[in-house]
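Worksheet for the structure shown next.
Quantities reported herein were computed from a predicted structural model and do not represent experimental measurements. We count ligands from 1, going down the list as the structure has it; atoms in each ligand are counted the same way.
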Amino acid sequence: MPFQIDFRGEKAVPVAEGQTILEASLAAGIPHYHACGGKGQCTTCRVLVLEGEENLSQLTSYEKAIKGVRKFPDNVRLACQTHVMGEGVSVQRLIKDDLDRHIFINEAEENITEVMGERRKLALFFIDIRNFTPFIESHLPFDVIHIMRRVFALFRNAIELYNGQIIDTAGDGLYAVFGLKTSIKKAAEAAVLTGLKILDDIKIFNNTYMRPYFNHTFEVGIGVHVGKVIYGNVGIGLSNNLTVMGFPVNIAARLQAATKELNNSFVISERTFRMLKNPPYAVGCDYINLKGVSSAYEVKLIGKPYHTKPAPLTEEV
Ligand code: FES
């Protein structure tokens, strides 16, 4: 049966069965902030419960996690996670406009992964589009950006599917991490599965879109390594403030670069390989040189040889 909830200073709103407070307020035309889309991850929908706390649903796991990090008082609830179960509930929105948002919660706070600085084992994932320059040089800017968006959407979907987080993009590549909320073994597995999925998706994209419409195909180079890194939010107002630093990051970048010299689209460190529960079927082994490491570094080749001739490697970490 529907109840009413009073938004103090705004209006009383009917809450249909199964609706969250956020859904009810949005349906009633209240411009309720919900930066994460109601997924319990940003806290911009938070409300102060003035009356009727006993008639609200139990804390969800998202609320418990956020309250653990943010130390909100008991009478602050996430509207996107809370259902009304009786009459007499009165709440006050805490974030009503951009200035409120700035005061209560800065942009960086909208991500539960925000940390001030921590050392942690993560899986580090670098990917780069191999032969993008010839495409740029022979196509209109509109086409270049459009295709870039499609390819990056393909990367992002795979990374998000396995709970990775993109840290940075640069030119025709990007850098992501796995393991912010899982064990390092699961993170290694997730990073490798992400890479394998991207290789499959690129093949489909080439066959169904690039070849027929542009007479062009792309290949990618992927490198994955695991290791202890420092991560945290630098807090300079960019939308993604998370930064990850440490020697393992350099190694992962170097593995990605080594895909060219080793003529294999997916190169992972031996340490990553040892963590995999279900190692990929096709595996080769090779060695690369790393700056600052005297002995040759063992790597596993789990991708495919390139169709286009690899360019000679010029960079070194
Ligand atoms: S909308 Fe993001 S936590 Fe509720």
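With respect to Arg254 and Glu261, a salt bridge is recorded, a charged nitrogen being found less than 4.0 Å from a carboxylate O. Ion pair Asp6/Arg8 flagged as a salt bridge, since at least one NZ, NE, NH1 or NH2 atom sits closer than 4.0 Å to an Asp/Glu carboxylate oxygen.
Checking each of Val224, Leu301, Ile198, Thr259 against Phe266 for a side chain to side chain contact (heavy atoms under 4.5 Å, CB included) leaves exactly one that passes, namely Val224. Partner Phe218 forms a ring pair (Phe, Tyr, Trp, His ring centres under 6.0 Å) with one of Phe132, Phe152, Tyr306 and no other, that one being Phe132.
The side chain to side chain donor-acceptor pair (under 3.5 Å) search around Arg274 returns Glu270, not counting sequence neighbours.
Excluding waters, the set of protein N, O or S atoms lying under 2.8 Å from atom 2 (Fe) of ligand 1 comprises Cys36 SG, Cys42 SG.
Follow the hydrophobic side-chain contacts under 4.5 Å out from Leu199 and you reach Val283 in the same cluster.
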